[in-house]
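Remember, predicted model here, so these are calculated numbers, not experimental data. Chain letters run A, B, ... following the sequence lines, proteins first and then strands; every chain starts at 1.
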Amino acid sequence: MTKVLTEHWDQPRLHELETYRRLGGYEALKKVLGMDRAQLIDEAKKSNLRGLGGAGFATSLKWSTVTPEEKNPGPRYVVVNCDESEPGCFKDRVLATRNPHQLIEGLLIAACAIDAKQNFIFIRGEYQIQYEILEKALAEARGAGIIKPPVSIDLMRGAGAYMSGLDTALLETMEGKKAWPRQPPPFPTASGLMGRPTVVNNVETLCMVPSIVLRGGEWFAKLGTAKSGGTALFSVSGHVEKPGVYEFAMGTPLREILAAAGGVKGGRKLKAVIPGGVSTPVLTADELDTPMDWDGPRAQGSFLGAGGVIVLDETTDMVMVAHNIERFLAHESCGQCTPCRQGSYWYVRILERALDGGGVAADLDTLRRTGEDMTGKVICALGDTVGLVTRAMMKKFSNDFKAKFHGEPPHG
Amino acid sequence: MAKTIKFTLDGRVIEAREGETVLQAATRLGLLIPHYCWHPALGNPGNCRMCNVEVEGAPKALVSCRLYPKEGMVARSAAPAPRRWQSAALEFHLVDHPLDCPVCDQSGECGLQDYYMNSIGRYRSSMRDNKWHMGKRMVLGPHIMLDQERCIMCTRCTRFVDLISKSHELGIFGRGHSQVIDLVPGRVLDNPYSGCVADVCPVGALTDRDFRFQVRVWYLDWTDSICPGCSRGCNISAHTSTRRPWQNKGLRLARVKPRYKPEVNGHWICDEGRYGFLNYDSDRLGKVMRLKPSAEELSWEAAAAEVSSALRRKPAEGLAVMASGRLSNEDWQAFQKLFLEKLNVRRFLFAPEPDQVGAEDELLRRRDKAPNLEGGKAVGFGTRIASMSWDSLAADIEAGKVWGLYAVDRDPVKVWDQRGHELLERLDLLVYQGPRKGLTGELAHYRLPATDWLEEKGHFTNFQGLVQPYRQALKPLGAAKPDWAIFEGLAARL
């Protein structure tokens, strides 16, 4: 299978400029300097590359919606979203550790695509080592004249809010405010950082870009399925023998990914798989043939997300899983819109009471109804997720829930 | 004619003005879509999620505060689905709300109560768990009290201090369900407009400290009035408590609230206006009195006869008249007729008292703290006729050029201090007319009780030249009469 990102991961000192160059690094950037903007975006369009941060928005479309400098004079920015906070996802962290120059090259190409001069990498505060590696790589690239004025790349560190991983909340954070998502329209490509057109791209997305430029969009598109181009990284964790980051072509069945990770730990039976990080609804052991591309998990009521595959074996109690996830989401809810702020913590209280043995049958209705009342009625996806995650578990693992929620409330 | 966009809301065709949201257009036409966070002057962050509507062709609920209508769009706010969304949003607002309506001052004018009782309440609670507790009765500043548990996080107050007062005392702290509104460390909510945050708060989170536990809002009467605190002439609503006289510390004026007037004060009033008149009922005059040479309570007829003859006793050149910018346009008319036409007085003083000149800012407050000097100009005072200064009048009295003084709601003793006593003792005639006794009221030969602005109706002309009516909210105290009626009673005898 063709590897795009992990190809050179076994090379020692890949994070250094010299190694990266020896393996063909920064050739794509040279090629791009000879292309015009339209050509570059066209190549990205042919590649069928979609945002690998979880939203799956066509990268070429995002780039092309930035109005050209002639029509909207003034600065525009590319911001790399390296605020990888989704429990179950750790691909960006490995990308930044192993191959920081690939990210820098991808970022510089994206900057060419929208004529951006000032660019930023927003990295979560907890990624200390990755921050140091990127800082060093940027210094190398500056020293070698790869990043030269007027082009600049600055690193910015988050302060530990999950919400900052959402593009508009990330921009708010960069402006020094609370990580409260903005409510589009306007979208960041029209009015983003400091009110200027801004492209926010995920680390993995940008790391794909140099290969697309070098080998062509069509080559990349062919690696994946008709609607989802190329490959993707899957962070496999949980009850598996060999947890880690695996690269697979888009559309690879979940079963194959599981097998590559060595199967369920200790030979136990599989119970469930969360396909894309904790905020994606759960899949059952019967749904292992789901093709992992943008449409596959969607058919099962879930999402590809950011490829954080969490494997849960037969010993797992899904109420505990739901409680764990909801507690995280409630803790990270930014508190801007009411349904999510109040609903997420309401969920936690109900699930917590059930784990303490106080669940009643009527609570299941409350969970279902308030979940419906949150999903689609909030500003960002976190509020949607709160309802979706638990409701999917209630539907697919109703026995676990019936065991914890039964009987009448003590006081009616 | 500006472009309009026609769309349908709940079966009714609505013409939205350009740039108007669905919620704005509906609200303008008096159609109720529940909302908290949107305030016409504070923007539409769209975080309360109350104003959900259903739009044909849209895959999900849309908040009408951020929905710009398109030609021919069909939206529903009162259909079963949007009503369910709205009531769900209200339920979320109430999950951690303490439901302490019986002891909450907002009761009766609370956004939560209004929507719950009128349209979208769920009545059967499915909340079986403990509520999250936060700060109670937190003093934010001289006027405002915060209850974080009642707060619904609409962020109107923080937007007010950021956008309108630009004083930035309030912030949002924490995250998620434990998020609170609080003071920025080291700050106190003390700006000239701090009271407005209680107005914009749709619930009982921010309340007026001085209104706390005084009177239930449903026992108040609302009267459209004009603030007499400065020449801005802010439109206000005077909330009076007369139905239960033992409440509100026995005071008749319970509170002052702003009334929307875009070209004058928008949605706001300053704290000076809001809290400056709460002593309205103190030091009031209710009896027509002759104090010198012998003290006696008079009827209005007797007083008019005595005062009018006293005013004519000596030549008009020696008569001085003081008037205040508190007079309404009607008062100024009668004033002009009495003192200019009938008595031919030459010495007038209507310059402000030193404490009637105060702070000014770009938002509302004006330097000139008298509400209606403009109204005087319309009948010549300040245009044809110049005002004496306080010093020149004092000098004239000292020099014996003035034998009589008629003070209308003016307190020369306050201005001249100890010297004022000596000066006024020299006069053959001192008539004092006003709603409050002040310091001069004790020294007068005749003391005539006048109504104050809430007890009469009239008009003020503000600094923009706008003539604005104010209505009668309270009954006059005792025998008090409007100033114009007193002037006319005297004029009729001359």
* Asked: Side chain of Gln183(A), backbone of Pro45(B): donor and acceptor closer than 3.5 Å?
  -> yes

* Structure fact -> When every non-hydrogen atom of Arg49(B) is compared with those of Thr338(A), the smallest separation belongs to CG-N, 4.5 Å

* To do: Look at atom NZ of Lys131(B) and say whether more than 12 heavy atoms of other residues, nucleotides or ligands are closer to it than 6.0 Å.
  => yes

* Heavy atoms only: give me the nearest Lys377(A)-Ala61(B) pair and the separation to one decimal. => CG-CB, 3.9 Å

* Asked: What part of Ala362(A) lies closer than 4.5 angstrom to a heavy atom of chain B: side chain, backbone, both or neither?
  -> both

* Asked: Could you go step by step and tell me if Arg128(B) and Thr366(A) meet the side chain to side chain contact (heavy atoms under 4.5 Å, CB included) rule?
  -> CA-CA 10 Å; Arg128(B) 293 189 177 81; Thr366(A) 310; 3.9 Å; yes

* Residue Ser178(B) versus chain A: region with a heavy atom under 4.5 Å -> neither

* Heavy atoms of other groups near His331(A) NE2, more than 12 under 6.0 Å -> no

* Structure fact -> For Arg66(B) and Pro185(A) the tightest heavy-atom approach is NH2-O, 3.6 Å

* Non-hydrogen atoms of chain B under 4.5 Å away: do they reach the side chain of Val348(A), the backbone, both or neither? -> neither

* To do: Check each atom of Asp365(A) against the heavy atoms of chain B and say whether the ones under 4.5 Å are side chain, backbone, both or neither.
  => neither

* Asked: Who among Cys154(B), Ala88(B), Ser126(B) has the most heavy-atom pairs with chain A under 4.5 Å?
  -> Ser126(B)

* What are the two closest non-hydrogen atoms of Gly160(A) and Arg175(B), and how far apart are they? -> O-NH1, 3.8 Å

* Is the count of non-hydrogen atoms from other residues, nucleotides or ligands lying under 6.0 Å from Arg298(A) atom CZ greater than 12? -> no

* Determine whether more than 12 heavy atoms belonging to other residues, nucleotides or ligands lie under 6.0 Å from atom CZ of Arg28(B). => yes

* Measure across Asp129(B) and Ile350(A) and return the closest heavy-atom pair with its distance rounded to 0.1 Å. => OD2-CG1, 3.7 Å

* To do: Heavy-atom distances under 4.5 Å only: say whether Glu332(A) touches chain B with side chain, backbone, both or neither.
  => both

* Asked: Got more than 12 heavy atoms from elsewhere within 6.0 Å of CG, Asn130(B)?
  -> no

* Kindly compute the distance separating NZ (Lys177(A)) from CD1 (Ile172(B)), expressed to the nearest 0.5 Å. => 11.5 Å

* Region of Leu329(A) in contact with chain B, defined by heavy-atom distances below 4.5 Å -> neither

* To do: Using the six-membered ring wherever Trp is involved, compare the ring planes of His177(B) and Tyr345(A) and label them parallel, tilted or perpendicular (cut-offs 30° and 60°).
  => parallel

* Structure fact -> If one checks every heavy atom of Arg182(A) against chain B at 4.5 Å, the contacting part turns out to be neither

* **Nearest heavy-atom neighbours spanning Pro339(A) and Cys48(B)** => CD-O, 4.5 Å

* To do: Take Lys60(B) and Thr375(A) through the side chain to side chain contact (heavy atoms under 4.5 Å, CB included) test and state the conclusion after the steps.
  => CA-CA 9 Å; Lys60(B) 61 175 197 174; Thr375(A) 306; over 6 Å; no

* **Region of Tyr68(B) that comes under 4.5 Å of a non-hydrogen atom in chain A** => neither

* Is chain A contacted by the side chain of Asp96(B), its backbone, both, or neither, given a heavy-atom distance below 4.5 Å? -> both

* Do the side chains of Phe92(B) and Thr370(A) get nearer than 4.5 Å, heavy atoms only? -> yes

* Region of Met50(B) that comes under 4.5 Å of a non-hydrogen atom in chain A -> neither

* Asked: Between the side chain of Lys178(A) and the main-chain N/O of Gly174(B), is any donor-acceptor distance below 3.5 Å?
  -> yes

* Return yes when atom CD of Glu71(B) has more than 12 non-hydrogen atoms of other residues, nucleotides or ligands closer than 6.0 Å, and no otherwise. => yes

* Asked: Among Arg349(A), Glu372(A), Gln342(A), which has the most heavy-atom pairs under 4.5 Å with chain B?
  -> Arg349(A)

* **Flag if over 12 foreign heavy atoms under 6.0 Å of NZ, Lys136(B)** => yes

